[in-house]
Amino acid sequence: MILRQCPLVHPSLSRRPPVQPITWIAPAQRVAFETAGTTAHRLASGSGGWVERLGDDAMISHKNDAALEEMAKGLENWAVEAGWTPARVFTRFLPLKNDERISPALRSGDTSLPLTTVVTEAGIRYGLDFAAGYSHGLFLDQRANRAQLRVWKPKRVLNTFAYTCSFTVVAALQGAETVSVDLSKKSLDRGRQNLALNNLPETKHKFIVEDALDLMPKLERKGERFDVIILDPPTFSRNSNGRLWQVEQHFEDLLNAALEIAMPKCAILLSTNCTKLDPVALERRSRMCAKIKRRAVDYLRIPSLIDFPPGHGASTLWMMVR
Ligand SMILES: C[S@@+](CC[C@H](N)C(=O)[O-])C[C@H]1O[C@@H](n2cnc3c(N)ncnc32)[C@H](O)[C@@H]1O
């Protein structure tokens, strides 16, 4: 069987228009973020990459050397205007292929400082690790979805493809029981640390190292049901048995399994970086699943983030089962 594969390219590289100048957030916007308890957000975005503020530090993600130098100069100028200078600047190359991904490098700042740090989002603490690999630990484009989860105050949350469990932490702070599943034990251990960073005991929270597609039928057989399910898979992965996960191919399998463990009223986050699955496609394909499973659904689209221009960040949509 020939698989139709999404390009293994970062979405922000392939979704945006060919030439997009780098645009910086207004200095007042940084103050507004900080007032809201948020120290992790984008500072700039363009076709050559983007700049993130990450607590006391900044990280430049770049497609090529010219873009890196342009954003580094831009950061210096913006810092003067904003009256905020990063303690360290990390840089990260955005390769065309996922298997060429490498950890960020320190460009400037004190080399003796630890490569871990803590940032906040709406007052919630998350640990980052610049030495952990390509991703530091918090996907900033999910900020609005995390905020939405907080508003709903769910009771039982299943966080699939949980990574460092940011959605779990938000749900736990609202008193929910949670199950977090990921192929990576290291990522789930960082999720546990994120709970601890927010003074949350682990009592009501399970962390399961398993393929999400394998786990959901087991949860179904055990009678476990959830009022929020997070589905934020990667475009492509391989589990420990060598089985291929490909979001475009397996999206319906994932959602059908989720619908089997959805409470009568349940919010399911559909999120992907696959450029072929924009919110329109997500809605069309998920409506088919709902029809097959005989579930009535509505959809909630969260307005785009102020620091993410169109074409940057994941495609996301909440499917509201009722
Ligand atoms: C895009 S990240 C998820 C980000 C996360 N939702 C967040 O907002 O922080 C993808 C995660 O999926 C995990 N993963 C990949 N394939 C998987 C699978 N088949 N089952 C469970 N987890 C998987 C990876 O280890 C990685 O942590």
Side-chain angles (χ1 to χ4, degrees), residues 5-6 8-12 40-41 52 54 98-99 101 119 121-122 124-129 132-150 157-172 178-195 197-198 206-219 228-251 253-255 257-258 267-275 277 302 305 308 313-318:
Q5 290 203 354
C6 289
L8 301 181
V9 172
H10 192 284
S12 303
H41 53 81
E52 292 167 324
L54 300 167
N98 280 4
D99 57 12
R101 289 175 165 189
V119 299
E121 183 183 274
I124 302 176
R125 291 157 63 80
Y126 299 100
L128 304 193
D129 186 348
Y134 182 74
S135 299
H136 48 59
L138 187 65
F139 286 100
L140 307 187
D141 57 352
Q142 296 291 351
R143 189 170 66 240
N145 288 322
R146 285 186 285 264
Q148 186 60 56
L149 181 62
R150 194 172 193 173
V157 174
L158 174 63
N159 187 6
T160 66
F161 308 92
Y163 185 46
T164 56
C165 306
S166 64
F167 283 101
T168 304
V169 174
V170 173
T178 68
V179 176
S180 302
V181 56
D182 199 286
L183 284 178
S184 162
K185 181 178 182 307
K186 269 190 194 165
S187 295
L188 292 180
D189 285 345
R190 290 179 67 189
R192 289 189 150 98
Q193 288 162 18
N194 277 333
L195 281 186
L197 267 178
N198 291 281
K206 286 188 200 154
F207 298 86
I208 303 176
V209 181
E210 195 168 346
D211 187 312
L213 267 182
D214 291 339
L215 178 70
M216 284 198 278
K218 292 182 192 167
L219 294 175
V228 169
I229 301 174
I230 306 294
L231 304 178
D232 179 23
T235 299
F236 175 92
S237 76
R238 225 173 253 288
N239 74 7
S240 51
N241 300 326
R243 191 172 80 194
L244 180 72
W245 159 263
Q246 210 280 324
V247 67
E248 223 200 333
Q249 182 88 1
H250 298 121
F251 174 79
D253 296 340
L254 184 70
L255 182 53
I268 302 180
L269 178 64
L270 311 174
S271 176
T272 177
N273 283 328
C274 176
T275 51
L277 290 178
I302 304 287
L305 293 163
F308 279 75
S315 296
T316 71
L317 188 63
W318 286 95

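Quick caveat: nothing in here was measured; it's all calculated off a predicted structure. Start at 1 and go down the list; that is how both ligands and their atoms are numbered.
- Residues Arg146 and Phe167 form a side-chain contact, since some pair of their non-hydrogen atoms from C-beta on lies under 4.5 Å apart.
- Summary of contacts: the protein heavy atom closest to atom 3 (C) of ligand 1 is Phe161 O, 3.1 Å.
- Taking only non-hydrogen atoms, the option from Gly191, Ser187, Ala314, Pro234 nearest to atom 10 (C) of ligand 1 is Pro234.
- For ligand 1, the atoms closer than 4.0 angstrom to any heavy atom of Ser166 are 8 (O), 9 (O).
- Note that OH of Tyr126 is 5.5 Å distant from OG of Ser166, once rounded to the nearest 0.5 Å.
- When hydrogens are left out, the protein atom nearest atom 2 (S) of ligand 1 is Phe139 CE1, 4.0 Å; that is the closest non-hydrogen contact.
- When only modelled atom types and interatomic distance are considered, Asn159 and Thr168 share a side-chain donor-acceptor pair under 3.5 Å.
- Checking only distances, Asp182 does come within under 3.5 Å of ligand 1, N or O to N or O.
- Test Lys186, Lys185, Gln193 against Asp189 for side chain to side chain donor-acceptor pair (under 3.5 Å) and you get one pass: Lys185.
- In terms of polar-atom proximity, Pro233 is not counted as a contact of ligand 1, lacking any N or O under 3.5 Å from an N or O of the ligand.
- Nearest protein neighbour of atom 20 (N) of ligand 1, counting heavy atoms only, is Ala212 N, 2.9 Å.
- Taking CG from Leu269 and CG from Leu231, the interatomic distance works out to 7.0 Å, rounded to the nearest 0.5 Å.
- Within the 4.0 Å heavy-atom cutoff, Glu210 counts among the residues contacting ligand 1.
- Between Cys274 and Val247 there is a side-chain heavy-atom pair separated by less than 4.5 Å.
- Leu317 CG to Leu277 CG: the interatomic distance, rounded to the nearest 0.5 Å, is 11.5 Å.
- Under a 4.0 Å N-O distance rule, the pair Asp129/Arg190 does not qualify as a salt bridge.
- For the atom pair CG (Leu197) and CD1 (Ile124), the distance works out to 12.0 Å, reported to the nearest 0.5 Å.
- When each atom of ligand 1 is checked for a heavy atom of Asp211 under 4.0 Å away, the hits are 19 (N), 20 (N).
- Considering both main-chain and side-chain atoms, Asp232 comes within under 3.5 Å of ligand 1 through a nitrogen or oxygen pair.
- At under 3.5 Å, a nitrogen or oxygen of Ser237, whether backbone or side chain, sits near a nitrogen or oxygen of ligand 1.
- At under 3.5 Å, a nitrogen or oxygen of Leu183, whether backbone or side chain, sits near a nitrogen or oxygen of ligand 1.
- Here is the list of ligand 1 atoms found below 4.0 Å of a heavy atom in Tyr163: 3 (C), 4 (C), 5 (C), 9 (O), 27 (O).
- For ligand 1, the atoms closer than 4.0 angstrom to any heavy atom of Phe167 are 8 (O).
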